[in-house]
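We number each residue from 1, following the sequence as shown.
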Amino acid sequence: MNSSVLPHANHTPLCYSINSPPFKYNHTIASAYFSSIFSTLGLTSNLIAFIVLLKSFRRTHSRSRSFFLVFLGGLVVTDFLGLLVTGSIVISFHVTHFNWRQLDPDCHFCNFMGMSMVFYGLCPLLLGAAMAIERFIGINRPFARSASMPKTRTVSMVLMVWLVAGSIALLPLTGIGSYHMQMPGSWCFFNISSEGNDLAFSLLFSLVGLMCIAVSFLLNTVSVVTLIKVCCGQDRTQRRRDHEVEMMVQLILINVIASICWCPLLIYILMSVVTPDPVRDEIVLFGIRMATCNQIFDPWIYIMFQGSRLRSSLHKLCCPEVLSRSDTCYCGYALPP
């Protein structure tokens, strides 16, 4: 994974030019059962989250909340399909121990998996940034946003995110970067290298991911400050902010989880291509597994926030001094009886 290697005279396909199967396979807990357990857990969690979000979407009467639920639905669908596609390939390898070169002599299957890893990896980060932008506009420019943004526009934004991520994933097929077999032989990913077009794609992937996290953090911070000013300021009775506070807490948690899960891999890729140190396969594999955890933890944020106890806690955090005098919070919360 340290340099781009062109196919040799024996016509070795590009995806096998660095790591070529068959590999010596050690049946360890980390390699054999990690993908099965995490894929099953992730698929189940995202399926439950999708059902919960669908029920919430049908019940909601808030325009801003319906926009937010569309984004969350897109995130759940992306995480579910990502785990389904990539997990199925990895689990199949661990069960059958198939030889990649015999099954896929022309690298089509390997390229597909590499594209899937990039696409389903970037989509949650891009969607997180898009959600932060939507919430920033909804909180700071509510009238302009509500007048010019129908629900179909939100769906179009989700589709645009998928299009951007798909376009980036296709770049290695055009010569900008390349997909290669990765150790221990169960998956394919782009070649992390400090040379040629592989350098360009490695930088693109890492910088796009880090920029999405940075934009989400910046806009979420501004949105939170605005909400605090509205809740605690003189105009706190002018606008309802119950859904806004709830959505911002969810979005902040999504941003924190994405940062924890993705930053180790993104930063390591960036450092690997700008320093002469060789890329270590075990660190890349650890980073991929950390990133996979993002698809497992995200849906539990949506599931947990449907509980009345958690919502009641948000009400109390908003303005506890009011609760002793009235059942209606000046921040816009109408507390349940």
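Among all heavy-atom pairs drawn from Ser259 and Ile213, the shortest one is OG-CG2, 3.2 Å. Scanning all heavy atoms of the two residues, the minimum distance from Thr78 to Tyr120 falls at O-CD2, 3.5 Å. Ile176 and Ala200 get closest at one heavy-atom pair: CG2-CB, 4.5 Å. When all heavy atoms are compared, the tightest approach of Pro172 to Ala169 is CD-O, 3.3 Å. Residue Leu14 comes nearest to Ser178 through the heavy atom pair CD2-CB, 3.8 Å, listed as atom of the first residue, atom of the second, then distance. Between Ala132 and Leu251 the shortest heavy-atom distance is CA-CD2, 3.7 Å.
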For Leu171 and Phe190: C-alpha separation, side-chain torsions, deciding distance, then whether side chain to side chain contact (heavy atoms under 4.5 Å, CB included) applies. CA-CA 10 Å; Leu171 288 178; Phe190 66 87; over 6 Å; no
Between Trp162 and Leu159, is a side chain to side chain contact (heavy atoms under 4.5 Å, CB included) present by the stated rule, with each step listed? CA-CA 5 Å; Trp162 288 346; Leu159 295 176; 3.6 Å; yes
Give the intermediate values and the outcome of side chain to side chain contact (heavy atoms under 4.5 Å, CB included) for residues Phe297 and Val256. CA-CA 11 Å; Phe297 294 146; Val256 170; over 6 Å; no
Side chain to side chain contact (heavy atoms under 4.5 Å, CB included), that's the test. Do Phe38 and Gln295 meet it? Break it down for me. CA-CA 10 Å; Phe38 273 62; Gln295 298 170 312; over 6 Å; no
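Looking at heavy atoms from C-beta onward, Ile137 lies in side-chain contact with Ile133 at the 4.5 angstrom threshold. Considering only heavy atoms from C-beta on, Ile254 comes within 4.5 Å of Leu72 through its side chain. Taking 4.5 Å as the limit, some side-chain heavy atom of Val118 sits within range of a side-chain heavy atom of Phe201. In this structure the side chain of Val52 never reaches within 4.5 angstrom of the side chain of Tyr302, judged on heavy atoms. Counting only heavy atoms from C-beta outward, the side chains of Asp277 and Ser272 never approach each other to under 4.5 Å.
Note on Trp262: it clusters hydrophobically with Leu210, by side-chain heavy-atom contacts below 4.5 Å among ILVMFWY residues. Under the 4.5 Å side-chain contact rule for hydrophobic residues, Leu54 and Trp300 do not share a cluster. Under the 4.5 Å side-chain heavy-atom criterion for Ile, Leu, Val, Met, Phe, Trp and Tyr, Ile267 and Ile288 are members of the same hydrophobic cluster. Note on Ile283 and Met271: same hydrophobic cluster, where clusters join Ile, Leu, Val, Met, Phe, Trp and Tyr whose side-chain heavy atoms are under 4.5 Å apart, directly or indirectly. Under the 4.5 Å side-chain heavy-atom criterion for ILVMFWY residues, no single connected hydrophobic cluster contains both Val225 and Met131.
Of the inter-residue distances, the one linking Leu83 atom CG with Thr40 atom OG1 reads 10.0 Å to the nearest 0.5 angstrom. For the atom pair Asn191 CG and Ile18 CD1, the distance stands at 4.0 Å (nearest 0.5 Å). Thr292 OG1 to Met117 CE: the interatomic distance, rounded to the nearest 0.5 Å, is 6.5 Å. The OG atom of Ser186 sits 11.0 Å away from atom CD1 of Ile91, with the distance rounded to the nearest 0.5 Å. Ser193 OG to Ile269 CD1: the interatomic distance, rounded to the nearest 0.5 Å, is 12.5 Å. The CD1 atom of Ile252 lies 12.5 Å from the CD1 atom of Ile257; values are rounded to the nearest 0.5 Å.
Checked by atom type and distance alone, the side chain of Asn111 pairs as donor or acceptor with a backbone atom of Cys107 at under 3.5 Å. Listed for the Asn294 side chain is no donor-acceptor partner under 3.5 Å among the backbone atoms of Cys261. In this structure, Thr44 contributes its side chain and Leu41 its backbone to no donor-acceptor pair below 3.5 Å.
Ring geometry for Phe189 against Phe205 counts as perpendicular: the plane angle is over 60°, on a 0 to 90° scale with 30° as the lower cut.
Of the candidates Ile192, Val279, Val273, Val279 is the only one forming a side-chain contact (heavy atoms from CB on, under 4.5 Å) with Tyr268.
For Phe50, the CZ atom is loosely surrounded, since the number of other residues' heavy atoms within 6.0 Å does not exceed 12.
Under the 2.5 Å SG-SG cutoff, Cys188 and Cys110 qualify as a close cysteine pair.
No side-chain donor from either of Thr86 and Trp187 sits under 3.5 Å from a side-chain acceptor of the other.
Proximity of the aromatic rings of Trp100 and Phe109 is defined here by a centroid distance below 6.0 angstrom, and this criterion is met.
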